[in-house]
Chemist: 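Right, I'll just put the structure down here and ask away after.
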Amino acid sequence: METRKVQVTGGSTYTVSIPKTWATDNDVEAGTEIEFHPDGDSLFLTPHSEEERTRGTLDISDLSGQALTRAVTTMYVSGFDVIELEGSEITTEQRSTVREAVQSLVGLEVLEETRDRVVVQDLLDSSELSIHNAVTRMRLISLSMLEDAITALAERDHDLARDVIGRDDDLDRLWLVVSRIFRATLRTPKAAEELGLPREECFDYHSSARQLERIGDHATKIAHLTLNIDEPLPDEVVDAVNELYGDAVEVIDTAMDALFADGSEEATALANEARTGVRAIDERVRAIDELLRDLDPTRAQLLGLVVDSVLRSADYGGNVAETALQKAAPTP
């Protein structure tokens with residue numbers, strides 16, 4: 001850390017010098033334009049760049065399948081607007097994998113393909129993206145998935161279960177969008193400024209979005225388990241699972257309301273209500289475990305996994321409530 005004294009020039013202009021080492025490392029010289037970004041009681045400065053699109057290059061010669069998909073996804077989440085994939089000779093299989101990866105990411109399109117190069121570009125205007133809207137959409141999708149998964153289980157509706165499984169891709173796409181936005185706010189103060197949100201709040205949304213993505217994963221797990229059920233389930237077990245689901249959704253909804261609440265008092269009250277609900281659910285789970293003991297071991301194990309997924313979903317709602325409490329707490 002280096003310190004500088006603020007000086008006054010011309011009677012009213014405050015000036016301060018910048019460290020030469022930092023200026024050299026960032027190609028700052030006489031005449032370079034510097035951007036200033038206020039953030040509470042801090043002031044961030046960065047050299048002005050004429051390049052509006054962040055470009056990244058990746059050699060995919062030795063990548064294929066899931067490894068290639070992960071590489072493209074990582075470049076996207078890291079914030080590159082233009083992704084140049086290069087190789088001595090890109091195979092048909094690699095091209096197919098890249099196209100599938102691009103289709104699973106919001107805003108990406110393949111712009112150019114040659115024998116040794118594929119160029120992918122994000123066509124969305126980052127300033128138009130809203131992390132609040134993305135998380136709100138994730139809330140709706142994850143809870144609808146969980147509701148339909150429980151309905152599919154109770155009615156042994158395999159078509160509905162497959163529909164739940166298919167919707168998990170939509171949720172994953174939104175999760176990656178939230179991750180991309182959040183990482184952009186960490187990388188440059190300009191991104192947070194365009195969002196109109198403090199970076200701490202972006203962190204809260206990102207953390208909560210992760211919990212919603214996990215709830216979607218458990219809804220998908222329940223749907224997969226439902227595909228293995230052909231015989232009707234006992235009514236008392238179905239009713240007990242439905243009641244457990246209702247309690248879990250109440251926790252998640254209350255926690256999300258706390259996260260989005262404007263006032264700190266309201267947010268704190270809602271978050272504490274959600275946390276209390278999580279503790280009450282534990283009692284209900286123990287009662288369901290008693291019912292499962294009367295079933296044959298295979299069915300009991302399958303339904304035990306369903307109950308565990310609903311319980312974990314409620315726990316993720318409790319995690320959102322914890323985040324809401326931190327968001328509502330006074331700032332140092």
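Computed from heavy atoms alone, side chains included, the values below leave out hydrogens, waters and symmetry copies.
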Chemist: Taking all heavy atoms of Thr323 and all of Ser208, pick out the closest pair and write down the distance.
Modeler: CG2-OG, 3.8 Å
Chemist: Mind checking the CG-CZ spacing from Leu291 to Arg286? Nearest 0.5 Å is all I need.
Modeler: 14.5 Å
Chemist: Under the ring pair (Phe, Tyr, Trp, His ring centres under 6.0 Å) definition, can you give me all pairs with a residue in residues 81-107, not counting sequence neighbours?
Modeler: none
Chemist: When rounded to the nearest 0.5 angstrom, what distance separates CG in Leu325 from CD in Glu322?
Modeler: 6.0 Å
Chemist: Thinking salt bridges, do Glu89 and Arg117 make one under a 4.0 Å N-O criterion?
Modeler: no
Chemist: Flag the pair Glu86 / Leu58 as yes when at least one side-chain heavy-atom distance between them is below 4.5 Å, and no otherwise.
Modeler: no
Chemist: When you look at Val177 and Tyr76, which way does the side-chain contact (heavy atoms from CB on, under 4.5 Å) test go after all the steps?
Modeler: CA-CA 9 Å; Val177 166; Tyr76 171 81; 3.5 Å; yes
Chemist: Quick check: is Met138 connected to Phe203 through a chain of hydrophobic side chains (ILVMFWY, heavy atoms under 4.5 Å apart)?
Modeler: no
Chemist: Quick check for you: to the nearest 0.5 Å, what is the distance between Thr74 atom OG1 and Phe80 atom CZ?
Modeler: 10.5 Å
Chemist: Which ILVMFWY residues can you reach from Tyr14 by hopping between side chains whose heavy atoms are under 4.5 Å apart?
Modeler: Val6, Val8
Chemist: Just wondering, do Glu109 and Asp122 contact through their side chains at under 4.5 Å, heavy atoms?
Modeler: no
Chemist: Thr21: which residues meet the side chain to side chain contact (heavy atoms under 4.5 Å, CB included) condition with it, sequence neighbours left out?
Modeler: Asp25
Chemist: Going by heavy atoms in the side chains, are Asp168 and Asp217 under 4.5 Å from each other?
Modeler: yes
Chemist: Do Asp169 and Arg173 meet the salt-bridge criterion of a basic N to acidic O distance under 4.0 Å?
Modeler: no
Chemist: What I'd like to find out is whether the side chain of Arg180 reaches to under 4.5 Å of the side chain of Leu176, using heavy atoms alone.
Modeler: no
Chemist: Under the salt bridge (Lys or Arg N to Asp or Glu O under 4.0 Å) rule, collect the residues that match up with Arg115, sequence neighbours excluded.
Modeler: none
Chemist: Can you tell if the side chain of Glu147 reaches within under 4.5 Å of the side chain of Val249, non-hydrogen atoms only?
Modeler: no
Chemist: Of the non-hydrogen atoms in Asp116 and Arg95, which two are nearest, and what is the gap between them?
Modeler: N-NH2, 4.4 Å
Chemist: I want to check something: taking the side chain as every heavy atom from C-beta on, are Val110 and Glu113 in contact at a cut-off of under 4.5 Å?
Modeler: yes
Chemist: Does one hydrophobic cluster hold both Ile165 and Leu225, with members joined at side-chain heavy-atom distances below 4.5 Å?
Modeler: no
Chemist: Say whether, by atom type as modelled, one donor and one acceptor occur between the side chain of Lys327 and the main chain of Leu259 under 3.5 angstrom.
Modeler: yes
Chemist: Is the side chain of Gln94 donor-acceptor paired with the backbone N or O of Leu63 at a distance under 3.5 Å, no angle test?
Modeler: yes
Chemist: With rounding to the nearest 0.5 Å, note down the distance linking CD1 in Ile222 to CG in Leu303.
Modeler: 10.5 Å
Chemist: Output the rest of the hydrophobic cluster of Leu270: all Ile, Leu, Val, Met, Phe, Trp and Tyr residues reachable through side-chain heavy-atom contacts under 4.5 Å, sorted by chain and number.
Modeler: none
Chemist: Assigning hydrophobic clusters by single linkage (Ile, Leu, Val, Met, Phe, Trp, Tyr; side-chain heavy-atom cutoff under 4.5 Å), is Leu305 placed with Val241?
Modeler: yes
Chemist: Would you say Glu93 has more than 12 foreign heavy atoms packed within less than 6.0 Å of its CD?
Modeler: no
Chemist: Carefully, step by step, assess Asp247 and Val310 under the rule side-chain contact (heavy atoms from CB on, under 4.5 Å).
Modeler: CA-CA 9 Å; Asp247 290 345; Val310 178; over 6 Å; no
Chemist: Within a reach of under 6.0 Å around CD of Glu250, are more than 12 heavy atoms found that belong to other residues, nucleotides or ligands?
Modeler: no
Chemist: Show the nearest heavy-atom pair for residues Thr185 and Cys202, with the distance to one decimal.
Modeler: CG2-SG, 3.9 Å
Chemist: Among the clusters formed by ILVMFWY side chains lying less than 4.5 Å apart, do Leu197 and Phe182 turn up in the same one?
Modeler: no
Chemist: Minimum heavy-atom separation for Ser179 to Val77, with atom names?
Modeler: CB-CG1, 3.8 Å
Chemist: Surrounding CD of Glu112 (heavy atoms of other residues, nucleotides or ligands, distance under 6.0 Å), is the total greater than 12?
Modeler: yes
Chemist: Not counting sequence neighbours, list each pair that qualifies as a side chain to side chain donor-acceptor pair (under 3.5 Å) and has a residue in residues 227-244.
Modeler: Glu243-Arg284
Chemist: With a sphere of 6.0 Å drawn around CG of Asp296, does it hold more than 12 non-hydrogen atoms of other residues, nucleotides or ligands?
Modeler: yes
Chemist: Calculate, to the nearest 0.5 Å, the distance between atoms CD1 and OG1 belonging to Ile131 and Thr136 respectively.
Modeler: 10.5 Å
Chemist: Return the set of residues passing side chain to side chain contact (heavy atoms under 4.5 Å, CB included) with Ser313 (not counting sequence neighbours), or none when no residue passes.
Modeler: Leu146, Ile215, His218, Ile252
Chemist: Regarding Arg162 and Asp159, does a basic nitrogen lie under 4.0 Å from an acidic carboxylate oxygen?
Modeler: yes
Chemist: Looking at every non-hydrogen atom in both residues, tell me the closest pair between Ala328 and Ala267 and how far apart they are.
Modeler: CB-CB, 3.8 Å
Chemist: With sequence neighbours left out, write down each residue that passes side chain to side chain contact (heavy atoms under 4.5 Å, CB included) with Arg70, or none if nothing qualifies.
Modeler: Gln66, Ala67
Chemist: Going through the distances and angles, do Val120 and Leu111 end up as a side-chain contact (heavy atoms from CB on, under 4.5 Å)?
Modeler: CA-CA 6 Å; Val120 178; Leu111 291 188; over 6 Å; no
Chemist: What residues, two or more places apart in sequence or in another chain, satisfy side chain to side chain contact (heavy atoms under 4.5 Å, CB included) together with Thr92?
Modeler: none
Chemist: What I'd like to find out is whether the side chain of Leu292 reaches to under 4.5 Å of the side chain of Arg299, using heavy atoms alone.
Modeler: no
Chemist: Checking Glu213 now: which residues fulfil salt bridge (Lys or Arg N to Asp or Glu O under 4.0 Å) with it, not counting sequence neighbours?
Modeler: Arg210
Chemist: Verify whether one side chain among Arg167 and Ser144 offers a donor that lies under 3.5 Å from an acceptor in the other.
Modeler: yes
Chemist: Are Leu171 and Ile181 linked, directly or through other ILVMFWY residues, by side chains that come within less than 4.5 angstrom of each other?
Modeler: yes
Chemist: Would Leu108 and Gln121 satisfy side-chain contact (heavy atoms from CB on, under 4.5 Å), going step by step from the backbone distance to the final call?
Modeler: CA-CA 6 Å; Leu108 281 194; Gln121 181 170 326; over 6 Å; no
Chemist: Output every pair passing ring pair (Phe, Tyr, Trp, His ring centres under 6.0 Å) with a member in residues 131-163, not counting sequence neighbours, ordered by first then second residue.
Modeler: His132-Tyr205, His132-Phe260
Chemist: Ignoring hydrogens and angles, tell me if any N or O in the side chain of Asn272 forms a donor-acceptor pair with the backbone of Thr268 under 3.5 Å.
Modeler: yes
Chemist: Might you point out which heavy atoms bring Lys221 and Ser309 nearest each other, and give the distance in Å?
Modeler: CD-OG, 3.4 Å
Chemist: For a 4.5 angstrom cut-off between non-hydrogen side-chain atoms, does Arg275 reach Val278?
Modeler: no
Chemist: Rounded to the nearest 0.5 Å, what separates atom CG in Asp27 from atom OG1 in Thr32?
Modeler: 8.0 Å
Chemist: Do NZ/NE/NH1/NH2 and the carboxylate oxygens of Asp170 and Arg137 come within less than 4.0 Å?
Modeler: no
Chemist: Are Arg139 and Asp257 ion-paired here, with the side-chain N under 4.0 Å from a carboxylate O?
Modeler: yes
Chemist: With no hydrogens and no angle check, is any side-chain donor or acceptor of Ser104 less than 3.5 Å from a backbone partner on Ala101?
Modeler: yes
Chemist: Quick one: name the residues clustered hydrophobically with Leu160, using the 4.5 Å side-chain heavy-atom rule over I, L, V, M, F, W, Y, and just say none if it's on its own.
Modeler: none
